[in-house]
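A short write-up of the structure that comes next.
Atoms within each ligand, like the ligands themselves, are counted from 1 in listed order. Note that the structure is predicted; figures quoted are calculated from it, not measured.
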Amino acid sequence: MVRSALLNVMMGAARKAARSLVRDYGEIENLQVSRKGPSDFVSSADLKVEKTLRQELKKARPAYGFLMEEGGEIAGDDKSNRWIVDPIDGTTNFLHGIPNFCISIALEREGELIAGVVYQPLGDEMFHAEKGAGAFLNERRLRVSARRKLEDSVLATGIPFHGRDGHEPFLRELGVMMKNVAGIRRFGSAALDLAYVAAGRCDGYWEAGIKPWDIAAGIVLVREAGGYVTDYEGGNKLLETGEIVAGNDHLHQPLLRLIKSAHA
Ligand code: LIP
């Protein structure tokens, strides 16, 4: 399988940054942790990983800009290309010793997401995709699941918590979904939730109030694995609205209809 130079840069950066991440995971109790907001944390591990990713990506593409969870928006000389980076997606899991977190890197070109890497370092699962070239887990080509019925489907989602908005709307969505599907999972990492949809492990995913860096790479994975990803209106304003619905070609529209019915 021939990979593009672009994907090699992104995967190389993720693997390099993961070294300190796995080391820090082994000694979480010694990490410096500060509060960004209610029940929202950042640790010295997040900052270390983000610094390494920025250095590696800048070395390879000096003119590209960045949108990073901790560092924010950093304009580049080349206005057409922007890296969208989450150093640790699933930070709360990471800080609690729950082994479900990842590094997420996407490339946006001319406003379109064209490449994505989601690296789950503990399981050495490298999910990667590039527009028109398919989606892969390590060397294995990925396809979304073929399940056709909601009642056979397992969905992933994100649940708002202390200090977050959207509790009532989420409970309405959950109420409608749980009556119609075989199972709902809250894994704690939107990037891995989308990677699992691309891999056919989950049949769909929905969430509101989500950040661009949590979902950008995962969106490319699902689309290149033959799935559909839209905002709650069925449009493409995912990064702007922070509302996302993903599913295979049989289930995406029924999921959209259920979400609409929850807010009718
Ligand atoms: C997390 C997302 C998750 C969401 C959490 C949080 P973080 O990202 O992956 O889906 O429900 O609220 O946004 O903060 O670990 O990068």
When only distance counts, is [X] in polar contact with ligand 1, meaning an N/O pair under 3.5 Å?
X	value
Asp40	no
Asp86	yes
Asp193	no
Thr92	no
Phe161	no

| query | What do you reckon, is CD of Gln32 surrounded by more than 12 foreign heavy atoms closer than 6.0 Å? | reply | no
| query | So does Lys131 have more than 12 non-hydrogen atoms from other groups sitting under 6.0 Å from NZ? | reply | no
| Heavy-atom check, side chain of Leu239 versus side chain of Ile219, under 4.5 Å | yes
Tell me the protein heavy atom at minimum distance from [atom], and give that distance in Å.
atom	answer
atom 12 (O) of ligand 1	Arg164 NH1, 3.0 Å
atom 8 (O) of ligand 1	Asp89 OD1, 3.0 Å
atom 11 (O) of ligand 1	Glu207 OE2, 2.6 Å
atom 13 (O) of ligand 1	Asp214 OD2, 3.5 Å
atom 15 (O) of ligand 1	Gly90 N, 2.7 Å
atom 14 (O) of ligand 1	Glu69 OE2, 3.8 Å

| message | For a quick check under 3.5 Å, do Asp89 and Ser104 share a side-chain donor-acceptor pair by atom type? | response | no
| said: Testing the 3.5 Å rule here: is there a donor-acceptor pair between the side chains of Thr91 and Asp46? | reply: yes
| query | Should Lys36 and Glu70 count as an ion pair when the cut-off is N to O under 4.0 Å? | reply | yes
| Is Asp40 salt-bridged to Arg35, cutoff N-O under 4.0 Å? | no
| request: Classify the contact between Arg186 and ligand 1 as side chain, backbone, both or neither, using a heavy-atom distance cut-off of under 4.0 Å. | output: side chain
| remark: Logged contact type for Lys211 with ligand 1, heavy-atom cut-off 4.0 Å, is neither
| said: Strictly inside 4.0 angstrom of atom 6 (C) of ligand 1, do you find any protein heavy atom? | reply: no
Contact atoms of ligand 1, heavy-atom distance to [X] under 4.0 Å:
X	value
Ala190	2 (C), 3 (C), 9 (O), 10 (O)
Ser189	9 (O)
Thr91	15 (O)

Anything under 3.5 Å between a donor and an acceptor, one on a side chain of residues 255-264, the other on a protein residue two or more places apart or in another chain? List them.
| unit_1 | atom_1 | unit_2 | atom_2 | d |
| --- | --- | --- | --- | --- |
| Lys260 | NZ | Tyr232 | O | 3.4 |
| Ser261 | OG | Leu258 | O | 2.5 |
| His263 | NE2 | Glu173 | OE2 | 2.7 |

| Centres of the Tyr196 and Tyr205 rings: under 6.0 Å? | no
| Between Tyr119 and Phe127, does the ring centre distance come in under 6.0 Å? | no
| message | Testing Glu108, Glu110, Glu112 one by one against Arg82 for a salt bridge (Lys or Arg N to Asp or Glu O under 4.0 Å), which residue passes? | response | Glu108
Counting only pairs under 3.5 Å, give me each side-chain donor-acceptor contact of residues 149-160, with atom names and distances, residues two or more places apart or in other chains.
| unit_1 | atom_1 | unit_2 | atom_2 | d |
| --- | --- | --- | --- | --- |
| Ser153 | OG | Leu150 | O | 2.6 |
| Thr157 | OG1 | Trp206 | O | 2.7 |

| message | I'd like to know if Ile210 contacts ligand 1, where contact means a heavy-atom distance under 4.0 Å to any ligand atom. | response | yes
| request: Say whether Ile88 and ligand 1 are in contact under the criterion: heavy-atom distance to a ligand atom below 4.0 Å. | output: yes
